[in-house]
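Report on the following structure.
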Amino acid sequence: MEALSKPVLVIGGGIAGIQASLDLADQGVHVYLVERSPSIGGKMARLDKTFPTLDCASCILTPKMVSVARHPNIELLTYSEVVEVRGSAGDFHVKVLKKPRYVDEDKCIGCGECISKCPSKVPDEFNLGMSNRKAIYFLFPQAVPLKATIDREHCLYFTKGICRVCERFCPTKAINFEQKPETLELNVASIIIATGYELMDPGLAPTYGYGRYLNVYTSLEFERLVSSTGPTGGEIMRRSDKKHPRSIAFIQCVCSRDVKINPNCSAFCCMASVKHAILAKEHLPEVDCTIFYMDLRAFGKGYQEFYNRAMREFGVRFIKAKPAKIEEDPETRDLIVTYEDTFEGIKKSMKFEMVVLAVGVKPVYPEALPLTVGEDGYIRLRNPYLEPISTTIDGVYVVGVAAGAKDIPDSVIQAGSAAIKASIIAGGVKA
Amino acid sequence: MSGEPRIGVYICHCGVNIAGSVNIKEVVEYVKNLPNVVEVRDYIFMCSAPGQEIIKEGIKKCGLNRVVVAACSPTMHEHTFRNVLAEAGLNPYLLEMVNIREQCSWVHSDNRQAATTKAKLLIKMAVAKASLLEPLKEITFKVNKNVLIIGGGVAGLSSARDLARKGFNVYLIEKKPVIGGNVARLGRLAHVELKGIDIVKELLHQVVDNPNIHILTNTELVSVGGSVGDFKVKLVKNPRYVNENCNLCSECVKVCPVEVSNEYEFGLSKRKAIYLPYRNAYPPIYVIDSENCTRCFECVKVCPTQAINLAEKPEEIEVEVGAIVIAAGHEPYEPLIGEFGYGVSSRVITLFQLERILDEDGPTKGRLEVNGVQPKDIVFITCVGSLNTTPNAYPYCSRMCCSSTIKNALIIKEKVPNANIYILHKDIRTYSRGDEQLYLKAGESLIRFARYREAPNVIVNPDESINVRFFEETIQEPVSIPADLVVLSVGMKPPRDIDKVRTIVKVGCGPEGFLREAHLKLRPVEAATDGVYLAGTVTGPKNIIESIEAGGAAASKVSTLLTREEVRIEPLIAVVNDEKCSGCLICVGICPYNAIKLRIQGDARVAEVDPALCKGCGACVASCPTGAMQQFGFKDNQLESQVLAAFTE
Amino acid sequence: MSQDFEPRIVVFACNWCSYAALDLAGTSRMKYPPNFLVIRVMCSGRVDPQFILEAFRRGADGVLVAGCHPGDCHYIEGNIKALRRMTLLKKVLKEFGIEEERFRLEWISASEADKFVRVANEMLEEIKRLGPLRIEEAYQHG
Amino acid sequence: MDKPKIALYWCASCGGCEEAVVDLAEKILDVVNLVDIVFWPVAMDYKIEDVEKLPDGSITASFINGGIRLSEHEHVVKLLRRKSKLVIAYGACSAWGGVPGLANLYSREEIMRYVYHEAPTVENPEKIRPELKTKVEEKITLELPEFLPRLLPLDLVVDVDYYIPGCPPTPDVTWKAIETLLSGNLPPKGSVLGALDKSLCYECPLNDTKPEKVLIKEVKRPHEVIADPSKCLLTQGLVCLGPVTRGGCGALCIKAAMPCTGCFGPLDEVIDYGGKAISYFASIVDYTSEEEIEKALGKILDPMGVFYRYSLPASRLRGKIMLVER
């Protein structure tokens, strides 16, 4: 199938951006998919399993990533950022800055030889700093494209002017320390923003002690902790003593549904925590799991049933309360959670060996676009009912969590919906 | 592909999903010694890019001509790995997948030795079958550029709009005489100054003038033949008895002697046998309800435009389309008589009835009144028909009712500021963008929320006053609230005759009857049947915005199909060996698709399978008395080899 | 019967319902005995009684054919064709001296993972009670 | 050049196959001119010792009919195998066990008990049964061959080169088979000689009378109906095994308005004749509910006799499994 139309720009290579790109490409539209990190995959690539089916996230995502990489209509621009957008629907002029990987993408075969030889260890952002990577690295082993990237800030050559070990061991002479940033100019008919989210700073809820107490985790950290590809190979162990916790508390609505910090509901945390509790029970059958929640939002297909299973089959305890504070027992590093028992109307506290905070999300937007943001912090839409994905700029669409917190199926649906609209603007169907 | 089989076996760890309960090393050693196996490799994620590379490399380096992948269910990744074979230059049908995850490691994680033994056997069976696999040629069809959309609610309309704009020819059929589905009868929506009908009108406005869209109301699906890219659809357009000359002068309505309850107003008002279901209905033409019409001809006599024809007959329509979108929507849950006092007291109504009452175009012109009196103490009960609240209720959450309940409570507060409103709930699930703010606003507006677990008891007192009694979870006390209006926030259920539609189009459904998507997460708007797409609430509860988006997403998928000139389908169909066929005709009578015909060959007749019609069930193969009929991918000898391998040590 | 007898049971599962139910049992992390070896077919209507005879001849202690519920067949009524054949086959198996517990035709929809687990447990228990089919010994009699 | 040497032998059969050879009529004389018959117990006075004296492989072809039921059968066919270049299973019993093979549904003991004690025509108050060895006088002991636990088709006892089907083989089939053998142009080992590679429907004169869809509502037994000889018998509800049976007989039974009972056996692709017959026949019983299907198929009172009439010992399971003592 040949492209008969003008290209479309998709910004963000998470599941929403991937799906939008594939839908467009399959409609014969040429797509530029711009991703700022070295690999596509987004947050979903970090997930171990997905609710409510417990499908392993990699198993359903990686094939899509592979399809993106080999689709003739998709031009994948990873480690790149959109820096300027001019023009209007049907005729946008976009500047994309391609950051230097210091590795020639055409030559790199992804053998990993350089990585095994690199002497410089750096906290691994993919595992949220819970393990180390090298200064030359793949974002994760199933990265697409599987091309090494040199992290200039930590590379011994760039910082101290010595080493170049990677260059010596690269079998294809792909290392290029002279690589410069490159600016590409694209002309596209339409733009789809799928830039996703980042977690709110858990420090905004200081009473929970994240950062101070070793055994308090964010839900994304816990996700990596239970993942077989994560820093512990799927072993749930405490930061403080590397022991399996015998009890875990999951606290919902941290930095969300809180008028002082962020009033929005993050839509997926309830189910993510239910899933985490089930996974914890699967990994450690003896572990005691408690979920503190305000309203358990099990609204999607099969979610309520999943929630019921967590209660009945896995014996996960649910307490309707928003804990007031967490304190650490300095000896054991256990955590004391204080909450109001709404049943009895009294303050209670409970001790846990690990606490996982379901931290709320905030959207991420490309700065190059003059977008208006609404009171809720999300992009203002032209008409939330009739054109739920249209921004106030004609021809620019927003999908996924960038358009409001949502789960994977809803992100995939929005991506499809945006793809057909962008494809209409791109034109060129031979009907 | 001739010559001895050279099989490569690729075993996936799937992280620890498989490797956690199956001893991969032991399996690898075992598989190495199986007949025809020349390469065995294992890897953490065989489906990932590096995993796929391992297979491609194996094919090239070891000269493989068959590949066995032991990983997850073939429904998950058969397609992925077939592509890998194709990219390595091997016919994609020389792949056999072994399901050692869903059907082995996950279900035997309590017994590592048993799981390992079973994995070995399953791989052995697959290797045996793989040795007998043949290269197959995919079947291609030219793609018809038309699309059929079943259902004229917002999901169907939004699909139709996007597809027509993209340039495809759309047939939108609606069983009812009006377009707009459930949304058309909703009052004011949350966050905007729009009503349900405004959304429908706006979508309609965008579609009715598009020459690519053909809207057929009163029309039902009769049959679907053919397959992806080339469906042959039969429809029946039931008579409306009133044609486009109708100018809505309402003379007919005045003379019609029949009066029945108006189902479009949820029984809140009466209508005649000739009627317009609700104000602003599209198309703006009266319709005669033939079930209740007495054929008195009074309307015919008075109609000034001669628009009425009682002799109208159902009309059969045939269309050919490349794709089908099912957007048949849902029905509101209808409480049983007596369930929460519903049907016992007229002061117990459903949320949808309330929507009509609060709508300026509704039966009370927007005045909040029941039996002519304005209620002041109002109790909403959510999760009626959902979350197993009552024995008759469904287990799932209907997603939109919490927000809709709060929105309506706020509208009542606007209209009747001194109303006392309680919302009894299990959990407030205002998850959608902006809805949490609605919830906060409700709190600020002094709408009171109370939490129940056991279904509240709605007691209709002899003087017709009502008390709602329940055990309040937060304060842990029994509570009784007097009410002069109880609103049941009912959930969604699958439409009544969805089984008929899904059987004709061949789409599966879940336990409650909502249609099943090809993959819950990553293929939410596709059916497992090629060329069939699902939009809106037909797959499960959604709010309006989500339904409209799902319509768009389905349109996008249709567009990916219709943009192609031709479509390939799996060649796993029946095939006749002419040399062996005796022309006994047994297969012809067995085929449910009439895909087999007899053909004269020399002095004899032999069966012939039409590849465009055969769906690959294999029923004819099992029935064929001579073994002349076989199924690609499931030949007798292939299945027999699996049986053999399961036992011979 | 000896406690260490582990029957081997072949399952012919239709792709659309029963095979999906077996997958669901996996994704739901249910547990069932490891004695069941699944052969996937597109429809229970593809299952030829010959395969079942072959399975018993090769040493199966039991055979389960699983398809969609009547009315739910992905191919309209392939399951009904299976029902017709298996009804007649059951009479023949009886004459061959194969106890009826060893062969079952069950309707298991894609959502009925629990039904499969129940059927599997039942079948296993019944067959364990009967003991091995001992086809090879029968063969040695000529 | 010497004429080819031929042996004929009769195991467990009714004798019809011997008749069938004679039924070649005047053609038998052609046969006799072309070959030397070296062993044919039913017609000529040769003894086993005569065969034993022949050099190994000196017989061109042995035609053996009947299944292997007695130790004597086993002994003789093994001897003939050694002495012959070709061994040919002649007739349904030899090829698949035939009607006597239905005895595999019963144990030796059950058969003996019935035949010597229980059969309605038997008068045996002392319950005498034949013994393998009977001392008649001091020095004379009569020996009887042993009744084997099961009847087996010939090819489960010795290697068989070719099969000639039929119960009995028709003269036409026999002659065609002989012609093939004499032509010197031998087909691949294991072939069926003299018959077709397609099923009976292929040559059946009534095949053209089938409606487009062959589906039946009522199963009838032959004595329950006066069949219309001009219409496909299957469509009249009779269990006709023509579709699943090798053709080449000339549809003789059909021409006499009797449904095919399957004496020409299965086609090459079939794994288990009875299994395939069940599969095909049940498929066309045009009901959808369990009760109706059960009721319609319930008309088949003796499924083994119907679907395995000639082939039980050659089936996958050979006979009743539970004969094994538990």
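Sequence lines set the chain letters: A, B, ... in the order given, protein chains first and strands last, and positions in each chain run from 1.
Neither the backbone nor the side chain of B/Ala164 comes within contact range of chain A, judged by heavy atoms closer than 4.5 Å. Heavy atoms of B/Cys47 lying under 4.5 Å from chain A belong to its backbone as well as its side chain. At a 4.5 Å heavy-atom cutoff, the contact between B/Arg433 and chain A is made by side-chain atoms alone. Interface remark: A/Met65 contributes no atoms to any contact with chain B (heavy atom separation under 4.5 Å). For A/Gln19, the part lying under 4.5 angstrom from a heavy atom of chain B is the side chain only. When heavy atoms are compared at a cutoff of 4.5 Å, B/Ile475 approaches chain A solely by way of its backbone atoms N, CA, C and O. Contacts of B/Ser398 with chain A are absent, with no heavy-atom separation under 4.5 Å from either backbone or side chain. Residue contact with chain A, scored on non-hydrogen atoms closer than 4.5 Å, is absent for B/His13. Heavy-atom distances place both the backbone and the side chain of A/Pro52 under 4.5 Å from chain B. Of the atoms belonging to A/Phe268, not a single heavy atom falls under 4.5 Å from chain B. Interface remark: B/Val16 contributes backbone and side-chain atoms alike to the contact with chain A (heavy atom separation under 4.5 Å). Heavy-atom distances place the backbone of A/Leu54, and not its side chain, under 4.5 Å from chain B. Heavy atoms of B/Gln52 lying under 4.5 Å from chain A belong exclusively to its side chain. Interface remark: A/Ile425 contributes no atoms to any contact with chain B (heavy atom separation under 4.5 Å).
Highest contact tally toward chain A, considering only B/Val192, B/Thr474, B/Thr80, B/Leu522, is held by B/Leu522 [criterion: heavy-atom pairs under 4.5 Å]. Of the listed residues (B/Leu203, B/Asn17, B/Asp198, B/Thr430), the one with the most heavy-atom contacts under 4.5 Å to chain A is B/Thr430. Among A/Lys49, A/Gln414, A/Arg257, A/Glu387, the residue with the largest count of heavy-atom pairs under 4.5 Å with chain B is A/Arg257. By number of non-hydrogen pairs under 4.5 angstrom with chain B, the leading residue of A/Tyr307, A/Tyr378, A/Tyr303, A/Tyr293 is A/Tyr378. In terms of heavy-atom pairs under 4.5 Å with chain A, the best-connected choice from B/Val143, B/Ile428, B/Leu194 is B/Ile428. Comparing A/Thr62, A/Val412, A/Leu386 by how many heavy-atom pairs each has under 4.5 Å with chain B, the most go to A/Leu386. The residue among B/His191, B/Glu53, B/Glu87 with the most heavy atom pairs within less than 4.5 Å of chain A is B/Glu87. Among the candidates B/Leu440, B/Ile44, B/Thr539, B/Leu163, the residue making the largest number of heavy-atom pairs closer than 4.5 Å to chain A is B/Thr539. When each of A/Ala419, A/Ala405, A/Gly234, A/Pro384 is scored by its heavy-atom pairs under 4.5 Å with chain B, the top score falls to A/Pro384.
Annotation for A/Gln304 and B/Tyr396: closest pair CB-CA, 4.4 Å, computed over non-hydrogen atoms. Nearest approach of A/Pro388 to B/Ile545, heavy atoms of both residues: CB-CG2, 3.4 Å. Shortest non-hydrogen contact noted between B/Thr563 and A/Gly28 is CG2-N, 4.4 Å. The shortest heavy-atom contact between B/Pro395 and A/Glu305 is CG-OE2, 4.0 Å.
The CZ atom of B/Arg161 lies 8.0 Å from the CD1 atom of A/Ile424; values are rounded to the nearest 0.5 Å. Between A/Phe299 atom CZ and B/Ser403 atom OG the span is 10.0 Å, to the nearest 0.5 Å. To the nearest 0.5 Å, atoms NZ (B/Lys166) and CD1 (A/Ile420) are separated by 6.0 Å. In this structure, B/Ser109 OG and A/Glu282 CD are separated by 7.5 Å, a value rounded to the nearest 0.5 Å.
Counting only heavy atoms from C-beta outward, the side chains of B/Asn83 and A/Arg70 approach each other to under 4.5 Å. Residues B/Val525 and A/Ile413 are in side-chain contact: their nearest non-hydrogen atoms beyond the backbone lie under 4.5 Å apart. Using a 4.5 Å cut-off on side-chain heavy atoms (C-beta onward), A/Pro409 and B/Leu520 make no contact.
For B/Lys441, the NZ atom is loosely surrounded, since the number of other residues' heavy atoms within 6.0 Å does not exceed 12. Counting heavy atoms of neighbouring residues, nucleotides and ligands inside a 6.0 Å radius, atom CD of A/Glu375 does not exceed 12 of them.
Side-chain contact annotation: B/Gln437 with A/Asn264, donor-acceptor N/O pair under 3.5 Å present. Side-chain contact check for B/Ser559 and A/Gln27: at least one donor-acceptor pair (N or O, by modelled atom type) lies under 3.5 Å.
Looking at B/Arg399 and A/Asp410, a side-chain N of the basic residue comes within less than 4.0 Å of a carboxylate O on the acidic one, giving a salt bridge. The residues A/Asp295 and B/Arg429 are annotated as not salt-bridged, no charged nitrogen and carboxylate oxygen being separated by less than 4.0 angstrom. Classification of A/Lys301 and B/Glu517 as a salt-bridged pair holds, one side-chain N sitting under 4.0 Å from a carboxylate O.
Looking only at distances, no side-chain donor or acceptor of A/Tyr385 sits under 3.5 Å from a matching main-chain atom of B/Leu189. When atom types are taken as modelled, the side chain of B/Asp427 and the backbone of A/Leu296 share a donor-acceptor pair closer than 3.5 angstrom.
Interface residues of residues 546-556 of chain B toward chain A, defined by a heavy-atom distance below 4.5 Å and sorted by number: B/Glu546, B/Ile548, B/Glu549, B/Ala550, B/Gly552, B/Ala553, B/Ala555, B/Ser556.
Listed by chain and number, the residues in a side chain to side chain donor-acceptor pair (under 3.5 Å) with B/His425 amount to none (sequence neighbours excluded). In terms of the side chain to side chain donor-acceptor pair (under 3.5 Å) criterion, residue partners of A/Lys421 (sequence neighbours excluded) are, by chain and number, A/Ser417, B/Asp162. Taking B/Tyr43 as the reference, nothing meets the ring-ring contact (aromatic ring centres under 6.0 Å, His included) condition, with sequence neighbours excluded.
The cationic group of A/Lys406 does not satisfy the cation-pi geometry with B/Tyr431, failing either the under 6.0 Å distance to the six-membered ring centre or the 45° limit from the ring axis.
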| Can you check side chain to side chain contact (heavy atoms under 4.5 Å, CB included) on B/Glu473 and A/Lys320, steps first, answer last? | CA-CA 10 Å; B/Glu473 283 278 313; A/Lys320 187 175 163 72; over 6 Å; no
